[in-house]
Colleague: 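Dumping the structure here so I can ask a few things about it.
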Amino acid sequence: MVSLQFVPRFVLVGALLHLLAEPADAKDHNYIFDASELGCPGNVTHGPITLTAYHPVFDSDRKRDYLDAQNRKLYTLQEYLDNRAPYVTVGMDPDLKLPYGKEVCIPELNRHFRRAVRLQVRDTHEDLRSGAFRRVDICVRTQEDSYDDIVNLLQATLVL
C-alpha cells in the first residue's frame, strides 16, 4: 500500500522531469547555436585589431569616467549578456569621426559567447587617438572584468 505522504513527491518529481524533457528554444535565451548565424553583417572588415577593455568609475568627479561621449549611460558587456542592456558601449579613435551609435561587430566575441553581441560606438578617449580601426575599447562592468582574456584580444576582427 502506498502512503499518501509520498504522492506529492512523486507528482513534483514527475513535473520536474517533464520540464527537463522539454526542448530548449535558443531564441528564448538569446543564444545562437547554429555557427553560421554568428557571422557579422557588414561589408567592411578590418583586422587584425586589438580589443581592450575599460570600465565605468562611478566614484569619480568627472562625468566622462562613467558616461559616454554624449553623457549617456555606459552599457557593459556583462549587462548585455544578462539581457539588461540593449547593446554594449565601445570606444574608438575620435579621429575616425564615426557617427554616434554606429553598429560594429567582432565575430570572435559572437563565437565566444555563442550569440550575437551587439556593439555600438558611443565613446572615445584620447588614449584611442591615432589607433584608427586597429583598436576597439569595450566597456565592462568592473576592473576585474577588464582582465578577462576575451576582452583583451590582440588578433580580433572588426566588421562595419
Side-chain angles (χ1 to χ4, degrees), residues 20 22-160:
L20 292 174
E22 289 286 318
D25 185 3
K27 293 182 181 174
D28 290 341
H29 301 287
N30 202 13
Y31 289 100
I32 300 171
F33 293 104
D34 182 358
S36 67
E37 295 180 42
L38 295 176
C40 291
N43 54 9
V44 179
T45 301
H46 297 277
I49 65 147
T50 300
L51 183 64
T52 55
Y54 73 109
H55 62 91
V57 181
F58 294 108
D59 58 357
S60 172
D61 293 334
R62 294 179 26 191
K63 287 185 178 184
R64 286 290 287 133
D65 289 340
Y66 55 89
L67 298 174
D68 71 16
Q70 290 192 0
N71 291 322
R72 295 184 179 150
K73 180 185 184 330
L74 295 171
Y75 285 113
T76 68
L77 175 63
Q78 290 72 24
E79 288 173 311
Y80 181 82
L81 295 174
D82 290 342
N83 293 319
R84 294 183 293 121
Y87 56 84
V88 179
T89 303
V90 298
M92 291 185 68
D93 184 347
D95 294 336
L96 293 173
K97 300 196 183 324
L98 293 171
Y100 179 81
K102 170 76 175 162
E103 295 259 348
V104 297
C105 184
I106 298 174
E108 291 83 0
L109 289 178
N110 292 355
R111 285 193 296 274
H112 178 78
F113 292 111
R114 297 178 59 176
R115 64 190 279 191
V117 178
R118 188 171 178 213
L119 306 171
Q120 289 189 6
V121 181
R122 292 178 171 256
D123 211 0
T124 187
H125 193 273
E126 288 304 309
D127 290 348
L128 299 170
R129 190 172 299 282
S130 300
F133 290 103
R134 295 182 308 273
R135 182 164 167 208
V136 175
D137 215 3
I138 188 165
C139 188
V140 297
R141 179 182 43 214
T142 64
Q143 183 173 351
E144 289 78 19
D145 293 319
S146 73
Y147 302 136
D148 189 351
D149 288 341
I150 194 61
V151 294
N152 290 290
L153 294 175
L154 299 177
Q155 298 289 317
T157 308
L158 175 67
V159 180
L160 301 171

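What you see is a predicted model; the values in this text were computed from it and never measured. For the single chain, residues carry numbers from 1 onward in sequence order.
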Colleague: What distance separates Leu160 CG from Asn43 CG, expressed to the nearest 0.5 Å?
Modeller: 8.5 Å
Colleague: Mind telling me whether Tyr75 and Tyr87 have parallel, tilted or perpendicular rings, with 30° and 60° as the class edges?
Modeller: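 Perpendicular, since the angle between the ring planes exceeds 60°.
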Colleague: Are the side chains of Ile138 and Leu51 in contact, using a 4.5 Å heavy-atom criterion?
Modeller: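 In contact.
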Colleague: Rounded at 0.5 Å granularity, tell me how far CZ in Arg141 sits from CD in Gln78.
Modeller: 4.5 Å
Colleague: Quick one: side chain to side chain donor-acceptor pair (under 3.5 Å) partners of Thr142, sequence neighbours excluded?
Modeller: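 Partners of Thr142 under the side chain to side chain donor-acceptor pair (under 3.5 Å) test: Glu144, Asp145.
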Colleague: Can you see which heavy atom on Ile106 is nearest to which on Val136, and at what distance?
Modeller: CD1-CG1, 4.2 Å
Colleague: Check the side chains of Gln143 and Ser146 for a donor-acceptor pair under 3.5 angstrom, ignoring hydrogens and angles.
Modeller: no
Colleague: For the residue pair Tyr54 and Cys139, establish whether any side-chain heavy-atom pair is separated by less than 4.5 Å.
Modeller: yes
Colleague: Before accepting this row, confirm whether a basic side-chain N of the pair Lys73/Asp68 lies closer than 4.0 Å to the acidic partner's carboxylate O.
Modeller: no
Colleague: Would Val104 and Leu158 satisfy side-chain contact (heavy atoms from CB on, under 4.5 Å), going step by step from the backbone distance to the final call?
Modeller: CA-CA 7 Å; Val104 297; Leu158 175 67; 3.7 Å; yes
Colleague: Between atom SG of Cys40 and atom CG of Asn110, what is the distance when rounded to the nearest 0.5 Å?
Modeller: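 Rounded to the nearest 0.5 Å, the SG-CG separation comes out at 5.0 Å.
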Colleague: Report the C-alpha distance between Arg115 and Tyr80 in whole Å, list the side-chain angles of each, state the deciding distance to 0.1 Å, and finish with yes or no for side-chain contact (heavy atoms from CB on, under 4.5 Å).
Modeller: CA-CA 11 Å; Arg115 64 190 279 191; Tyr80 181 82; 3.8 Å; yes
Colleague: Output the distance between atom CG (Leu74) and atom CZ (Phe58), rounded to the nearest 0.5 Å.
Modeller: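 Nearest 0.5 Å value for the CG-CZ distance: 7.0 Å.
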Colleague: So do Ile49 and Arg135 actually touch side chain to side chain, heavy atoms under 4.5 Å?
Modeller: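 No; the side chains remain at least 4.5 Å from each other.
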Colleague: What do the steps show when you test Arg129 against Asp95 for side-chain contact (heavy atoms from CB on, under 4.5 Å), and what is the final call?
Modeller: CA-CA 6 Å; Arg129 190 172 299 282; Asp95 294 336; 2.3 Å; yes
Colleague: Any non-hydrogen side-chain atom of Glu103 less than 4.5 Å from a side-chain atom of Arg118?
Modeller: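 Yes - at least one pair of side-chain heavy atoms lies under 4.5 Å apart.
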Colleague: Where do Thr157 and Pro107 come nearest, in terms of heavy atoms and distance?
Modeller: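 Closest approach of Thr157 to Pro107: O-CD, 3.3 Å.
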Colleague: Using side-chain heavy atoms (C-beta onward) and a distance below 4.5 Å, is Thr50 in contact with Leu153?
Modeller: no
Colleague: Is there side-chain contact between Leu81 and Phe113, with at least one heavy-atom pair below 4.5 Å?
Modeller: yes
Colleague: Taking all atoms of both residues into account, what is the closest heavy-atom pair of Leu128 and Pro94, and its distance?
Modeller: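 Closest pair (atom of Leu128, atom of Pro94, distance): C-CD, 4.3 Å.
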Colleague: How long is the gap from CG on Leu98 to CZ on Arg122, to the nearest 0.5 Å?
Modeller: 13.0 Å
Colleague: Minimum heavy-atom separation for Ser130 and Asp93, please, with both atom names.
Modeller: N-OD2, 3.0 Å
Colleague: What pairs with Arg64 under side chain to side chain donor-acceptor pair (under 3.5 Å), at least two apart in sequence or on another chain?
Modeller: Asp123
Colleague: Do Met92 and Asp137 have side-chain heavy atoms sitting under 4.5 Å apart?
Modeller: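 Side chain of Met92 against side chain of Asp137, heavy atoms only: no contact under 4.5 Å found.
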Colleague: Is there a side-chain contact between Gln120 and Val88 (heavy atoms, below 4.5 Å)?
Modeller: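 Answer no - side chains too far apart.
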Colleague: Test Val159 against Val44 for side-chain contact (heavy atoms from CB on, under 4.5 Å), laying out the working first.
Modeller: CA-CA 6 Å; Val159 180; Val44 179; over 6 Å; no
Colleague: Where do Ala53 and Asn152 come nearest, in terms of heavy atoms and distance?
Modeller: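 Heavy atoms of Ala53 and Asn152 come nearest at N-OD1, 3.9 Å.
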Colleague: If you measure from CG on Asp149 to NE2 on His112, what distance do you get to the nearest 0.5 Å?
Modeller: 9.0 Å
Colleague: Step through the shown structure and confirm whether more than 12 heavy atoms of other residues, nucleotides or ligands are within 6.0 Å of CG on Asn71.
Modeller: yes
